[in-house]
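First the structure, in the form of structure tokens, and then the observations on it.
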Amino acid sequence: MIVAAMLSLSILPAIAGGNGNGVSKGLLGLNLEEVVTTLDASEITTSLGLPSLPVLNSIFELNNEILVQGPDIGLLRQLVKKIGGVSTHDLPLVNGIGIRVSDLQLAILKKMPGVISITENQPVFTSNALDHCLVYGSHVVDLTSNKIRWNLYNARDMQANAKQMTFTWPENLGNVRSVKLNGSTVYWSLFSRQNGELTLDAQDLRRKGNLDAFESATVELTFSRYKAGNYNQSDFSMNVEFSENCDRTLVKGYDTQANDNDSNSYFVNNIGADELHDQGITGKDVTVAVIDSGLWAQHQALNKNTKNRDRILAAYDAISDTEVNPNSMTDENSHGTHITGIIANSDHAVIDGKSRSFYRGVAPDANLVVVKAFYEDGHSTYLDALRGLQYIADNHQTHNIRVVNLSFGAPPRSNYWADPINQAVMGLWEKDIVVVTSAGNTGPKAMTIGVPANVPYVISVGAISDNYTQDNANDDTLLSFSSQGPTHEAFIKPDMVAPGGHMFSLANDDMYVPSKFPQYMVGDDRFIMSGTSQASGVVSGVVALMLQNDPSLSANDVKCRLMSSTTMAQVNGKLAYSPFQQGSGSVNAIKAVESTRTGCANNGMDIAADLSGEQHYMGAARKDANGNYYIKGFEFEVWEEAFMWDEAFMWDEAFMWDEAFMWDEAFMWDEAFMWDEAFMWDEAFMWDEAFMWDEAFMWDEAHMNQENFMLQE
């Protein structure tokens, strides 16, 4: 009631001297120092007929966590103390502090729009592989005598109803005699001829095809001939279609990955990093920081490099604001361990029981700085994520941090330059730290790029799949969940794509995600996840290889060489996917390391001016009269391999935001400050079918592509 009363008042008694002037004269004409000097909180509450504001409220009343930003952190602390709030986070990287205040204190702070800015402490999430479907299949088929078995798991809290199952198998196995689901027969035939393919419809499955909430189920096929055990699991396929708009293809994996003794991660080979390892380019002397859920630091492949030397330089818990012994860092979720393993696993790859010369991680000799900012269930907050970013800024010179991997995101709630996490990320880029972010797993709709991937300066990565054919780049596909551009400010995102599906990396079954999906564990320490998070880890590893090869590269140089060395998927001379889906194309470690390109990224943009608020920018994306997105100035269909689009568009007067703009109480977009009608994006826009190619598109033959997909499109 008090909050509602205060927010309904259009005039607040003058904070400057108490002479009765309104906000427009008493506040907007003052600077922060004058406000702090003259503020009389007791006079404000008394004049409004409210209870006196105590200097220190009860800790139980301080139920609002917010970020306050202003020109001087010391003055911000004084202001918060004066009204009785509590400071929790020091964040000079964004000129702010995290605080806890009561409803009344928050109402007072919101009356200072010309002096400070306020951001609610919103949630942030790791870019998990779990999509809307949430029905998953095991990565390994059990092949015994004349039977194959495959496990399904419903991870949702509601029933999933199978309406069709399709199976294929080698014809030498004869015909399918029976299909069982959890021991109940859903199909049986003694004489039918199937020619290596069988489809069961809803009538066949009926009630026996239902999966209750969180239920596991085993699908078993029995063949007429006894040779199943002699085949590889890639010789079989299974597709299940559910009534809840959810399809699942049998997660075949690679045959050698089904062997507990083998451990090739495959994405290292597919991007060419294995060849670089043989040349001694392994990320040596380059430090990669990972802000995530922590690390299984006791695992030797993570705490030691290929020379068996310690390489975790520092570990920091941003949640508790404490330094941690590097080898004592833990990861209750598994996400941080999985991403870090993709970047830097130092174990040799093992194929057919033989150790190979290359490694399981992209940059196995990279040094590591680990920042835990995410809880066991994969969520964090703006303030804790910002504290993690602040730690990188404070320690990047001490530990030679050149790369930061951010496999997390949040929905955009403002322009890129107004978001505090984005401001921190831009601050790191300004310090010449290469920031690699996941594009997000909220595709396939357009305009689904999240924070901080929507920052135009940084490297944002989407996810592709090799379709389980490691030696055939021509059937690779864009993963359906990979977020797509353009951004709200018309920038072309993602910047590139990389492996993001059925990714083998490190974790253990005591961690939160593996405990929920035990069918994706392989042995004691390998786990399969999918997502743009994993794709981001691949690119972070490639950046470490580039910086070992040439430590003089600036952040903009790295982005330039990465993007100009990719190859775009195309069919018959036309793009298979738009640049808003695949960016500049698929990453290639060899070409990126060998590139000599400079001056082709972030041209025309001044990041210092952007941070200071002097100038902001818009991208080259536009939408035509038919609702299709295109790139201003480029109408041709095939893009040169080294082509880089111009990102430097200044905001003209028609697109400038009013300086007095304040977010409303709900921190939602204010309708009055949306784009000009002629430039308004249609949020419900779906890619026109004519603008996409059939899934059977072919990647250019010269293209080196990579990705391992497990948790399924």
Side-chain angles (χ1 to χ4, degrees), residues 139-140 253-288 290 292 294-313 326-327 329-331 334-370 405 470 499 502-511 514 520-529 534 537-538 540-542 544-545 548 589 706-708 710:
H139 71 283
V140 174
Y254 299 107
D255 291 316
T256 60
Q257 289 178 328
N259 184 339
D260 285 347
N261 295 322
D262 287 358
S263 60
N264 188 20
S265 54
Y266 284 91
F267 55 85
V268 171
N269 311 60
N270 289 351
I271 63 173
D274 56 337
E275 295 183 33
L276 296 174
H277 294 174
D278 289 340
Q279 298 173 30
I281 301 176
T282 56
K284 184 175 180 293
D285 297 326
V286 178
T287 303
V288 180
V290 181
D292 213 294
L295 186 70
W296 182 12
Q298 293 184 349
H299 197 291
Q300 184 168 330
L302 296 173
N303 65 45
K304 304 286 186 184
N305 62 19
T306 65
K307 306 300 182 185
N308 202 35
R309 294 173 182 157
D310 291 341
R311 48 89 169 269
I312 305 177
L313 304 184
N327 291 329
M329 175 60 83
T330 59
D331 179 5
S334 79
H335 192 268
T337 296
H338 204 265
I339 302 307
T340 308
I342 288 171
I343 296 170
N345 188 322
S346 62
D347 279 341
H348 281 280
V350 177
I351 304 176
D352 295 328
K354 296 181 180 179
S355 180
R356 302 305 169 105
S357 60
F358 55 92
Y359 301 89
R360 303 181 201 177
V362 178
D365 279 324
N367 292 325
L368 298 171
V369 168
V370 182
N405 186 88
Q470 187 245 338
H502 57 268
M503 303 288 276
F504 273 71
S505 190
L506 296 170
N508 65 60
D509 54 14
D510 289 331
M511 297 174 176
Y520 294 114
M521 282 297 302
V522 180
D524 296 327
D525 65 352
R526 283 177 290 150
F527 187 65
I528 304 163
M529 280 196 208
Q534 283 66 30
V538 170
S540 291
V542 173
L545 302 180
Q548 178 195 345
Q706 74 281 339
E707 185 269 318
N708 315 38
M710 202 53 205

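Along the sequence shown, the residues carry numbers beginning at 1.
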Return the [atom1] to [atom2] distance between [X] and [Y], rounded to the nearest 0.5 Å.
X      : Y      : atom1 : atom2 : result
Thr330 : Asp510 : OG1   : CG    : 12.0 Å
Gln548 : Asp365 : CD    : CG    : 7.5 Å
Asn305 : Lys284 : CG    : NZ    : 9.0 Å
Asn327 : Asp310 : CG    : CG    : 5.5 Å
Asn367 : Leu313 : CG    : CG    : 4.5 Å
Asp331 : Leu302 : CG    : CG    : 10.0 Å

(request) Could you tell me which residues satisfy salt bridge (Lys or Arg N to Asp or Glu O under 4.0 Å) with Asp285, sequence neighbours excluded, listed by chain and number? (result) none
(message) Using side-chain heavy atoms (C-beta onward) and a distance below 4.5 Å, is Tyr359 in contact with Val268?
(response) no
(message) Does any part of the side chain of Trp296, heavy atoms only, come nearer than 4.5 Å to the side chain of Asp525, both counted from C-beta?
(response) yes
Please confirm whether the backbone N or O of [Y] pairs with a side-chain atom of [X], one donor and one acceptor, at under 3.5 Å?
X      : Y      : answer
Arg311 : Ala366 : yes
Thr282 : Pro364 : no
Arg526 : Ser505 : no
Asn264 : Ala349 : no
Asp262 : Asp352 : yes
Ser346 : Ala301 : yes
His338 : Phe527 : yes

For [X] versus [Y], what's the shortest heavy-atom pair and its separation?
X      : Y      : result
Ile339 : Gln534 : CD1-NE2, 3.5 Å
Thr337 : Met511 : OG1-CE, 3.8 Å
Met503 : Phe267 : CE-CD2, 3.6 Å
Ile343 : Ser540 : CD1-CB, 4.0 Å
Val286 : Ala544 : CG2-O, 3.6 Å
Arg360 : Val350 : NH2-CG2, 4.3 Å

(message) Here's a test for you: under side chain to side chain contact (heavy atoms under 4.5 Å, CB included), which of Ile312, Val290, Leu506 qualifies with Thr340?
(response) Val290
(request) Take atom NZ of Lys304 as the centre, draw a 6.0 Å sphere, and report whether it contains more than 12 heavy atoms from other residues, nucleotides or ligands. (result) yes
(request) Evaluate whether atom CD of Gln279 has more than 12 neighbouring non-hydrogen atoms of other residues, nucleotides or ligands under 6.0 angstrom away. (result) yes
(request) State whether a side-chain donor-acceptor pair under 3.5 Å links Gln300 with Asp347. (result) no
